[in-house]
Amino acid sequence: MGYLVNIHSPCQSSLVISKSAVMGHFSAHPNGRGWVDFCDHITPLFADIVGAKEKEVACMGTLTANLHLMMDSFYKPTPERFKILCEAHAFPSDQYAFASQALAHGLDPAKTVLELSPRPGEYTLREQDILDVIAREGSSIALVIFSGVQYYTGQWFPMQAITRAAQEQGCICGWDLAHAVGNVPLSLHDWGVDFAVWCTYKYLNAGPGSIAGLYVHEKWKETELPKFAGWWGHDPATRFAMPPKFSPIEGAQGFQQSNPSILAAASLLGSLQVFKEAGMMEPLRERSLQLTGALEKLLKQSKYFVPVEKAVERQSAKPAFTIITPADPQSRGAQLSLLFLPIGVMQHIHEALTSFGVIGDERNPSVIRLAPAPLFNTLKDCEQGALLLERAFDSLASN
Ligand SMILES: *Cc1c(COP(=O)(O)O)cnc(C)c1O
């Protein structure tokens, strides 16, 4: 990542520290990027990438911690309205967070967290089924919170329709955008989303554990949002005067608690600058649609491919695969989740693919996720990937 090296090379960082010590935090930074307000360079890019206003986003913390902060402010269960609606098999960290939030309010997670499963024999949720549950159970639901893009199936949920339906029933609607940010175009502000959180080390490439993101719609006024405060959420004009009383920044940045990790933020800024140079989400999405569409077409030509509706009856048959990610490009991002049959085949295929240099992501029991990321994957990669998958199957058959 050339940017990162040019702007924040270790030499310059140590130069700042050796010559300026703590002053690097403020104005003595050689590139005019004092560490104290470093995230001010990130918020405009965050706002652009999630479709929000700058004051609606904050660069802070980590995903799961931010999710807890948002639930602390927005999840206010009452005896009548206490449920949390989410998709079944949500990312484990989210499941743990939802259950522990229920417990923190003295509630039984089993009766509080409502997990929506696909119909029998199907792998992804139908929009109408989600909307029906919200209409039917909405009056007992406090919070509707789905993944923007589901990590296992790759399904991009109809975010605007779910948000509207949830709010019509008086529910709060939040989103976990871990696999959506930098992958699909988002318009959080216009969709009226209440809050969202994301990490920056999937499509945003900032490195595991890197600094994360948080969004709160501007319609939420400071007085309505109780929060666990910290000095980084305090008005920067008086932060270093260190007054005893907390005076929060208006908007999402009022949730900041601590100094941002400067090394993590530097790697994120370097990555977001590459997104900016690529024109942000509109051209990237266009290229993503082409690449994912091309990969899907090639995979479907395989002699080992079975259509998803036939996959269930093929459980005990010869090695084969299907694609469980929705076929409609509007219901997915860059990811295709390949489901391998019967049980055990996935592990062999994954091993073979890895040895051929095709890096997919193995999800037990039977899925490999392939994601042609438009920023750096090419059509040739898709062709090679499909070809080598065929070779992996052939090698399995000949063993
Ligand atoms: C990757 C991911 C996480 C990981 O959370 P961290 O707090 O960053 O470790 C959580 N939820 C979802 C949906 C994810 O995809």
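Indexing begins at 1, ligand by ligand and atom by atom, following the structure's order.
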Nearest to [atom], what protein heavy atom do you find, and at what distance?
atom                    : value
atom 11 (N) of ligand 1 : Asp94 OD1, 2.6 Å
atom 3 (C) of ligand 1  : Phe91 CE2, 3.3 Å
atom 7 (O) of ligand 1  : Thr64 OG1, 2.6 Å
atom 15 (O) of ligand 1 : Lys202 NZ, 2.7 Å
atom 4 (C) of ligand 1  : Tyr201 OH, 3.2 Å

Plane angle bin for Phe46 and Trp198 - parallel if under 30°, tilted between 30 and 60°, otherwise perpendicular: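 Trp198 vs Phe46 ring planes: perpendicular.
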
Spatial distance of atom CZ (Phe376) from atom CG (Asn205) [nearest 0.5 Å]: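 Phe376 CZ to Asn205 CG: 4.5 Å, rounded to 0.5 Å.
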
Distance (rounded to the nearest 0.5 Å) between Glu137 CD and Asp132 CG: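 Glu137 CD to Asp132 CG: 11.0 Å, rounded to 0.5 Å.
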
Within 6.0 angstrom of Phe228 CZ, more than 12 heavy atoms from elsewhere: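 Open: at most 12 neighbouring heavy atoms sit under 6.0 Å from CZ of Phe228.
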
Backbone or side-chain N or O of Asp176 under 3.5 Å from ligand 1 N or O: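 Between Asp176 and ligand 1, an N or O pair is found under 3.5 Å apart.
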
Working for ring pair (Phe, Tyr, Trp, His ring centres under 6.0 Å), residues Phe255 and Trp232: CA-CA 8 Å; Phe255 282 88; Trp232 228 255; over 10 Å; no

Arg164/Glu168 under salt bridge (Lys or Arg N to Asp or Glu O under 4.0 Å): CA gap, chis, key distance, verdict: CA-CA 6 Å; Arg164 192 185 303 131; Glu168 273 170 13; 5.1 Å; no

Distance filter under 4.0 Å to His179 heavy atoms, resulting ligand 1 atoms: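 Listed by number with element, the hits are 15 (O).
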
